[in-house]
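What follows is a short report on a single structure.
Within every chain, numbering begins at 1; the chains are lettered A, B, ... in the order of the sequence lines, protein sequences first and strands thereafter.
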Amino acid sequence: MHEHDVLVIGGGGAGLRAAIAAHEEGADVAIVTKLHPVRSHTGAAEGGINAALRDGDDWELHAYDTMKGSDYLGDAPAIETLAQDSPEETVQLEHWGMPFSREDDGRVSQRPFGGLSFPRTTYAGAETGHHLLHTMYEQVVKRGIQVYDEWYVTRLAVTNEDDPDDRQCHGIVAYDIKTGQIEGFKARNGVILATGGLGQVYDHTTNAVANTGDGAAMAYRAGVPLEDMEFIQFHPTTLPSTGVLISEGVRGEGGILYNEQGERFMFEYGYANNAGELASRDVVSRAELTEINAGRGVDDEYVYLDMRHLGEERITDRLENILHLARDFEGVNGLEEPMPVKPGQHYAMGGVEVDEHGQTCIDGLYAAGECACVSVHGSNRLGGNALPELIVFGARAGRHAAGTDLGEPQIQTGGSADTEAEEDLETPVEPGAVRTSDEDAVADGGAAVTTPDETVRSAVEAERTRVEGLLEKDTGIQQAELRARLQKSMTENVNVFRNEDGLKQALRDIREVRESLQDVYVNDPSRTFNTDLIHTIEMRNLVDLAEAITLGALARDEFRGAHWRQEHQERKDDEWLKHTMLSWNDGTPELYYKPVILEGEDGEYEPKERSY
Amino acid sequence: MSTQTQEERGKTESAEHEAETSVEQEDASHGAQRRADRDAERRQSVSGAPARPEGETIQLKVFRYDPEVEGKMEPRFDDFYVPKRKGMTVLDALIYARDHYDTTLTFRHSCRQAVCGSDALFINGRQRLGCQTQMSDLEAPVRVEPLPHQDVVKDLVVDMEHFYDQMHSVEPFFQPDDAPPGELDEYRQTRENREKIKMSTRCIWCGACMSSCNIAAGDNQYLGPAAINKAYRFAMDEREGDTKKEHRLNVMDQEHGVWRCQTQFSCTNVCPKDIPLTEHIQELKREAVKQNLKFW
């Protein structure tokens with residue numbers, strides 16, 4: 001059994017930042033990650049980091065923009081923490097040598113981004129995430145922090161008290177991808193989940209293949225509620241054939257969207273008369289699909305994004321990476337032709353319920369980054385707010401796990417949170433409901449155990465049994481087929497536009513896949529680098545999260561942020577100014593709600609009509 | 001796919017037989033049927049007539065090896081036929097082959113957009129990223145092998161430890177002179193200096209350059225193009241002072257450092273991020289000479 005003070009699961013932006021912070025507090029910290037850290041998906045982020053660094057800007061404006069962007073579903077203490085900590089964290093990256101783009105005076109450059117009232121997006125070309133990831137990995141190397149790379153964490157070692165609030169996380173179970181060895185890792189102080197997004201729930205996504213929501217699903221099954229899962233961000237500019245992201249920076253620099261008739265539709269059809277192409281992502285995504293559905297799309301599939309007029313010099317200086325992406329993945333020369341784009345799944349606003357210190361309701365279990373929901377993004381994330389989230393909340397989780405006193409959190413989690421009793425709520429959880437197997441019905445910790453060592457040991461045993469079972473079975477269904485079925489249904493039914501019939505259909509499909517999952521088997525008998533096994537384990541995480549997304553979406557009969565419902569075309573603040581919470585409840589998802597915190601340091605954020 | 005597949009096929013048939021005898025096992029029978037169908041597809045592949053999807057196809061010849069599975073311990077090439085589709089990359093083709101014909105086919109991949117660096121492969125005799133290479137740009141059959149000069153773990157997966165060790169050996173982290181005056185002050189860097197190091201910061205650690213380098217192949221201690229490029233990124237950064245630069249040049253100016261490079265340009269030719277690696281190595285050689293002259 002390996003043993004460390006703090007275990008960080010995931011080697012992307014949030015994980016690396018958490019590890020550095022915990023190390024700085026004197027903790028013995030290790031990173032356990034499915035990929036090598038430099039392979040993490042943070043490297044694909046293009047746009048930038050929002051930070052109020054300049055005269056004329058301040059954290060209050062950043063917080064206000066973020067609250068408005070969230071469609072008033074973000075929690076003020078989280079949003080204000082993000083806006084307050086981001087300048088220092090961003091400058092910290094600069095001090096670590098991150099190669100930001102520069103102004104003439106040698107200071108870091110900033111540019112406009114969608115939904116921002118000040119050009120506060122700090123960037124490094126159109127490859128900000130790549131530089132952020134590598135810069136932080138360099139600091140991890142410098143500090144000699146131990147990295148278990150290509151180790152896949154498959155289970156949390158959590159005690160099994162009835163109430164999740166009483167449970168403790170003592171470690172994890174991980175699988176050495178290179179040798180097939182399953183081992184226990186004990187965490188003396190805490191486990192921080194930083195496992196990133198869940199885009200593989202969809203088939204058209206900007207997310208990497210590794211983004212299967214492992215951390216969120218493991219925490220969910222261990223008893224931590226998932227929050228606001230229905231809010232999935234669709235990015236308006238992804239390449240149609242692959243889902244590769246074309247940065248919002250293109251529109252930030254002045255890129256224009258056209259329909260097939262050459263009309264600048266954001267203005268022409270009044271989708272956003274002030275901000276045009278720079279309206280927030282949900283607005284632009286809906287506008288594009290409305291154009292396509294109205295028959296004004298190109299090839300009935302996409303619209304054009306044009307940056308030719310910006311000139312070669314500016315494009316090369318600030319958006320060079322975009323030229324490469326358009327050429328390599330779509331065969332288009334961005335200097336001479338407009339680029340084809342359509343909306344694609346991009347980001348999960350929801351995730352593991354945490355407070356502003358990154359802590360979940362289970363003692364010793366933290367989450368940060370995209371897998372967590374603090375919540376700063378509410379129902380719609382502003383471009384340029386994901387990277388500051390990684391560094392701000394990664395650092396805070398790292399510090400808290402290492403034992404630093406960050407004070408009483410203002411955001412309550414778990415059963416102690418001020419949740420609403422929803423006796424009258426018609427929770428539409430029925431379509432296609434299946435009984436989950438006994439194995440799924442207990443907390444991931446398993447047996448009734450007392451000591452940390454026993455908890456980890458028992459979790460390792462449970463995991464060995466599960467993996468042996470998958471490997472020994474030699475007939476059944478293979479994961480690739482199930483994954484394709486799940487992704488197809490989610491893309492058809494739980495996309496930008498949603499309606500009740502579609503959501504119910506998706507729920508039935510998901511549950512059929514869940515049923516079939518009991519017959520899944522792994523074809524590859526090898527212990528060496530068995531990707532068939534990894535993808536099969538990931539598949540279960542995808543099913544749990546797809547169900548959570550769809551259930552939340554079906555229940556929320558209003559239109560808010562990224563969540564658009566055909567039958568409900570308005571935001572219903574009286575009923576729905578609240579977070580969707582979902583508990584595992586022995587395998588039967590249980591929906592409940594908790595109020596949004598709109599009370600900030602300088603008073604209350606008052607919900608207003610969102611227009612751009 | 002030979003021995004192992006035959007054994008599995010045997011198991012499948014007996015499973016089918018059992019299923020027929022029991023009504024409760026209808027689901028299992030359903031699964032067994034699917035499996036039998038898929039095995040039938042793969043059987044063709046074993047007998048030399050690989051399964052093909054409808055329509056036009058492209059032939060993939062993929063290197064296979066697994067140290068612990070009987071029948072795969074002897075390295076070999078397997079043929080797969082994948083649909084000819086506009087925009088299909090080599091990575092897409094491998095995924096197609098894996099998901100449709102043989103789920104044991106193993107390769108690293110993640111981002112599909114040339115930033116994670118995990119799918120550097122030897123494709124038609126050249127180091128390239130699978131996700132960045134269009135099938136239509138290649139001559140068929142498309143031959144896919146693991147990166148040369150690295151130990152093969154399984155199929156297309158190579159051991160990257162040595163590459164990471166070399167990267168770590170050059171102190172790959174920023175070591176600036178003095179901190180700026182205020183906590184929220186930035187180090188000033190001129191646009192020109194940022195431009196100078198820009199290309200060197202694009203490295204995605206894919207290992208293509210190291211694999212293409214004849215010198216690295218023969219000298220295990222040679223730092224190699226990627227690590228030297230990493231050192232260049234810091235040595236040329238004006239925010240690291242003269243003392244640090246001197247130290248960095250000393251690290252480069254050693255037996256297995258920059259002087260091993262014989263300017264063959266193979267690293268520069270294969271770099272998927274267009275980093276002028278050879279040029280960076282030459283520049284460090286010049287800087288090292290200048291520094292030695294200074295102390296002479």
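- Between R39(A) and T33(A), the side chains place no donor N or O within less than 3.5 Å of an acceptor N or O (distance only, hydrogens not considered).
- The line from NZ of K488(A) to OH of Y202(A) is 15.0 Å long, rounded to the nearest 0.5 Å.
- Checking T103(B) against D532(A) by side-chain atom types alone, a donor-acceptor pair falls below 3.5 Å.
- Side chain to side chain, Q487(A) and Q200(A) meet the donor-acceptor criterion of an N or O pair below 3.5 Å.
- Taking CG from L533(A) and OG1 from T104(B), the interatomic distance works out to 13.0 Å, rounded to the nearest 0.5 Å.
- For a heavy-atom cut-off of 4.5 Å, chain A lies close to T201(B), R202(B), C203(B), I204(B), W205(B), C206(B) in residues 201-209 of chain B.
- When the candidates D105(A), N321(A), L35(A), L325(A) are compared by the number of heavy-atom contacts under 4.5 Å with chain B, D105(A) comes out ahead.
- Under 3.5 Å, the side chains of Q175(B) and H247(B) contain no donor-acceptor pair of N or O atoms.
- The part of M160(B) that comes within reach of chain A is its side chain, from C-beta onward, which places non-hydrogen atoms under 4.5 angstrom from that chain.
- Ranked by heavy-atom pairs under 4.5 Å with chain B, the list A210(A), P99(A), S241(A), A480(A) is led by P99(A).
- When heavy atoms are compared at a cutoff of 4.5 Å, D92(B) does not approach chain A at all.
- With a 4.5 angstrom heavy-atom cutoff, E161(B) touches chain A only via side-chain atoms.
- Aromatic ring centres of Y137(A) and H36(A) lie closer together than 6.0 Å.
- Of the two parts of V157(B), only the side chain, counted from C-beta on, holds a non-hydrogen atom closer than 4.5 Å to a non-hydrogen atom of chain A.
- Ranked by non-hydrogen atom pairs under 4.5 Å with chain B, the options D104(A), N530(A), D149(A) are led by D104(A).
- Using modelled atom types and a 3.5 Å distance limit, the side chains of Q134(B) and T89(B) yield no donor-acceptor pair.
- For R112(B), the parts sitting under 4.5 Å from any heavy atom of chain A are the backbone and the side chain alike.
- Side chains of D519(A) and S516(A): a donor-acceptor N/O pair is absent below 3.5 angstrom, by distance only.
- Residues R102(A) and N193(B) have side chains not in contact (no heavy-atom distance under 4.5 Å, counting atoms from C-beta outward).
- There is a side-chain donor-acceptor pair under 3.5 Å between S526(A) and E68(B).
- Contact tally against chain A (heavy-atom pairs below 4.5 Å) for P67(B), S118(B), A114(B), G87(B): the top residue is S118(B).
- Taking the six-membered ring where the residue is Trp, H134(A) and H130(A) present tilted rings, their angle falling between 30° and 60°.
- Interface check for chain B: of the options Q92(A), M98(A), E330(A), H95(A), the most heavy-atom pairs under 4.5 Å are formed by H95(A).
- If you measure heavy-atom distances from Q113(B) to chain A, the contacts under 4.5 Å come from both the backbone and the side chain.
- The most heavy-atom pairs under 4.5 Å with chain B, out of H535(A), R483(A), Q479(A), come from H535(A).
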